[in-house]
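Note: hydrogens, waters and symmetry copies are ignored here, and every other heavy atom, side chains too, is used. One-based numbering along the sequence shown. All values reported here derive from a predicted model rather than from experimental measurement.
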Amino acid sequence: MAAIYLLNVPEFQPIAASAQQQGLQVSVLKSGYFRIFSPGSLEIRRKPTGVKLPVWFGAPTGGLEGVIAQFDKDVLRIVDP
């Protein structure tokens, strides 16, 4: 399983919404985080989220499960190890 945890604040909400539109599973945790996950790997593209680069590069600061396979200005891909 691959997962990323985003702080549930307005800055990260577009990433969670875009991930859900892409078919990824998104849940809101009582701890104040979004959990975006997939049974295999997950990929989120920045352009559909509409977030600027400083927010984008702050996305994985909430933690993750898996291994970052790609993380650049366009794509965040996490794979199941």
task: Considering non-hydrogen atoms only, spot the tightest contact between Val75 and Arg45 and give its length.
output: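 Looks like CG2-NH1, 3.0 Å.
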message: Can you give me the closest heavy-atom contact between Ala2 and Leu42, atom names plus distance?
response: O-CD2, 3.5 Å
According to a hydrophobic-cluster definition based on side-chain heavy atoms being under 4.5 Å apart (Ile, Leu, Val, Met, Phe, Trp, Tyr only), do [X] and [Y] belong together?
X: Leu7; Y: Val28; value: yes
X: Phe37; Y: Tyr33; value: no
X: Val9; Y: Leu64; value: yes
X: Ile68; Y: Met1; value: no

Do side-chain atoms of [X] reach the backbone of [Y] as a donor and acceptor pair under 3.5 angstrom?
X: Thr61; Y: Gly58; answer: yes
X: Arg77; Y: Ser41; answer: no
X: Arg46; Y: Lys73; answer: yes

message: Over 60° means perpendicular and under 30° means parallel, so tell me whether Phe71 and Trp56 are parallel, tilted or perpendicular.
response: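 Ring orientation of Phe71 relative to Trp56: tilted.
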I need the [X] [atom1] to [Y] [atom2] distance, nearest 0.5 Å.
X: Leu6; Y: Gln13; atom1: CG; atom2: CD; value: 10.5 Å
X: Ser38; Y: Gln25; atom1: OG; atom2: CD; value: 7.0 Å
X: Gln21; Y: Ile44; atom1: CD; atom2: CD1; value: 12.0 Å
X: Ile4; Y: Leu76; atom1: CD1; atom2: CG; value: 4.5 Å

Full working for side chain to side chain contact (heavy atoms under 4.5 Å, CB included) between Phe12 and Val55: CA-CA 7 Å; Phe12 291 128; Val55 173; 3.7 Å; yes
- prompt: When Val67 is tested against each of Ile78, Val79, Asp80 for side chain to side chain contact (heavy atoms under 4.5 Å, CB included), which residue passes?
  reply: Val79
field: Ser27 vs Arg35 side-chain heavy atoms within contact, under 4.5 Å
entry: yes
